[in-house]
Amino acid sequence: MKIIDIRARTVPISRFADASIPSGGLTTTMVAVVTDVVRSGQRIVGFGFSSIGRFGQQGLIEERFAPRLRQAAFADLSDETGTNIDPFRAWRVMMTGEKPGGHGERCVAVGTLDMALWDLAAKIADVPLYRHIACHGPAAPAPSVKVYAGGGYYYPESDVGRLADEARRARDLGYTRFKLKIGGAPLAQDLKRIEAVSTIMRDPAHVAVDAMNAYGRDAALQAAASLTPCGLWWFEDICDPLDFATLAEVVGSYDGAVAAGEALFSVAEAKLLAAHGGLRKQRDILLFDPVHCYGLPGYLQIVREFDARGWDRDRFWPHGGHLFTLHLVQGLGLGGAEVNPFCFQPFGGLADGTLIAEGRTAAPDLPGIGFEGRTSTRQAFAELVGERS
Ligand code: MG
């Protein structure tokens, strides 16, 4: 087999299901890695995108990383049988000549292509991705994993009412846990948002809050003091991602769980968090986004770093909210997966008709990541490769 084409396109993605609400201009880059392998009359194509919550990386992909894959001999990308791609070997090809440090956003560009390569490899192996990567997880993947609904951004009008509607919709789908944003309004307003969602989810211990790295030291400590009596599930992205001194001080003053690592993109940064962030391995949560951390090879470096430090894998709840992260949670034996059932379309959420029972679900039983099982995602990728969905 060989790679015959790599296509990339950057598209807008919104924090809101209602596309009329301004969303801050976020984008993601879709990629398609097209091969000469044909199964049942269909060409096998690997699909990926730059996860959510940041920006697309089409420039870096097209200028630097896709050309290295295109120009490589297949022998440098393939597994030992020569019949499938080995994404770890492809990753080393993409990283050829890259220097230590300077992670910037190249990690997202590499992670975007890496997602497509894993989709491709699992499709050629004709198994769901979580099974293809199971050798990096527990002896047998769990039949289902814990999930929660992410979202809960600030609505420009009727904020608390619309937030409550969103949480109610998530609960009606079977989610028992929900995460909302705080830190963008006065604390009194945020406490009203938390109370509304806690009522709908029936327990504040099923509600997480995400400050999106908004707080400085004093505001973070004040927020932690105000949130302590709420008994929340976790308090996420408290301060600047590299302000480990503030993070450690807040962790020291807050009895509930703290979640961190979403905006750290390399094992080098993860080591700094582990050494200086004050996190408690029995209580706190690790959010690293596998796509933003150089894809699965980079993410595994981080997981193994925390393995070596004695952390259980159930402390990992990766950021993302889409099918790729669900497969990784199931295949690697992680704590649980964020799902974005409403926001960041057409990439957030699960396959059409997926059941969520008592806050648990499973990756689709389709070859690869299973984007083909989600109508809106399938249509977007079909358009990228110029096919009818
Ligand atoms: Mg976050």
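Counting starts at 1 for both ligands and their atoms, in listed order. None of these values were measured; they are calculated from a predicted model.
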Query raised in the report: By atom name, which N, O or S atom of Asp210 is the nearest to the Mg ion (ligand 1)?
Result: OD2
**Report entry** For the Mg ion (ligand 1): the N/O/S atom of Asp237 at shortest distance
**Finding:** OD2
Report task. Scan side-chain atoms only and decide if Arg304 and His136 contain a donor-acceptor pair under the 3.5 Å cut-off. Result -> yes
Query raised in the report: Would you say the side-chain atoms of Tyr154 and Arg193 include a donor-acceptor pair closer than 3.5 Å?
Result: no
Query raised in the report: Any chain of hydrophobic side-chain contacts (each under 4.5 Å) joining Met115 to Val303?
Result: yes
Query raised in the report: Between Phe244 and His276, how do the two ring planes meet: parallel, tilted or perpendicular, split at 30° and 60°?
Result: tilted
Query raised in the report: What does the angle at the Mg ion (ligand 1) come to, between atom OE2 of Glu236 and atom OE1 of Glu262, rounded to 10°?
Result: 90°
